[in-house]
Amino acid sequence: MSWSINHALKGLNGQFEVTRLIGAGGAVAYIVAANGFQAWNIANGHPFDVTAYSLAFPSGLAAVLMATGGAVAIKDRNVASAKIISQTGAVPTPALDGTRVPLGDSPPVEKP
């Protein structure tokens, strides 16, 4: 099975997902706009600062990718919770903090 960008844009159900499409579009728009802005500045006689560009461009692209990844992760988590609720009727809860005690055993006692 060969990999393509289409696989990255599709969810587990095999269909394209809006959050992934918007994130990919935002990343492409950022790349084009940042480089286009630099080209416009150079064409108008402004000096090109390699240091500023090298510091700003990757961090901006990373922010776009992290925001997209976060949105997809939150959506996937909420979809998984909704599936559990619809199939079982049980609402998933986060794990309890602290020591877990198996049923039938007495709870641990802390000694002063």
Side-chain angles (χ1 to χ4, degrees):
M1 180 175 170
S2 66
W3 186 90
S4 69
I5 191 68
N6 288 336
H7 290 98
L9 298 177
K10 293 180 180 179
L12 294 176
N13 60 3
Q15 297 178 350
F16 289 105
E17 292 185 356
V18 174
T19 51
R20 295 171 192 246
L21 291 172
I22 291 172
V28 169
Y30 178 80
I31 292 168
V32 170
N35 290 310
F37 180 70
Q38 286 299 328
W40 177 262
N41 280 340
I42 293 169
N44 287 328
H46 298 292
F48 178 70
D49 187 3
V50 174
T51 305
Y53 180 77
S54 298
L55 291 174
F57 182 77
S59 59
L61 186 57
V64 169
L65 296 177
M66 287 180 10
T68 301
V72 169
I74 290 170
K75 183 211 48 86
D76 286 349
R77 184 189 65 204
N78 291 341
V79 167
S81 294
K83 284 183 181 180
I84 290 171
I85 292 170
S86 69
Q87 291 173 355
T88 65
V91 178
T93 58
L96 300 172
D97 292 333
T99 306
R100 301 209 51 178
V101 178
L103 294 175
D105 291 348
S106 59
V109 179
E110 293 184 19
K111 297 181 180 180

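Any value given below was found using the heavy atoms of this structure, including those in side chains, with hydrogens, waters and symmetry copies removed. The residues of the chain are indexed from 1 along the displayed sequence.
Note that NZ of K10 and CG of L21 are 10.5 Å apart. Values are rounded to the nearest 0.5 Å. Atom CG of D49 and atom CG of N41 lie 11.0 Å apart (nearest 0.5 Å). Note that the CD atom of E17 and the CD1 atom of I22 stand 11.5 Å from one another [nearest 0.5 Å]. Put simply, CZ on F16 and CG on N6 are 4.0 Å apart, with the number rounded to the nearest 0.5 Å.
Considering every non-hydrogen atom in both A24 and L9, the closest pair reads CB-CD2, 3.7 Å. The two residues V64 and G26 have their closest heavy-atom pair at CG1-C, 4.0 Å. In plain terms, the two heavy atoms of T19 and T68 that are nearest each other are O-CG2, 4.0 Å.
Side-chain N or O atoms of S54 include none that pairs as donor or acceptor with a backbone N or O of T51 at under 3.5 Å. Checking side-chain atoms of S59 against main-chain N and O of A56 turns up a donor-acceptor pair under 3.5 Å.
F57 is connected to L65 through a chain of hydrophobic side-chain contacts under 4.5 Å among Ile, Leu, Val, Met, Phe, Trp and Tyr, so both are in one cluster. Criterion: ILVMFWY side-chain heavy atoms under 4.5 Å apart, direct or through other members. Under it, V50 and I42 are part of a common hydrophobic cluster.
Ring geometry for F48 versus Y53: interplanar angle of 30 to 60°, hence tilted.
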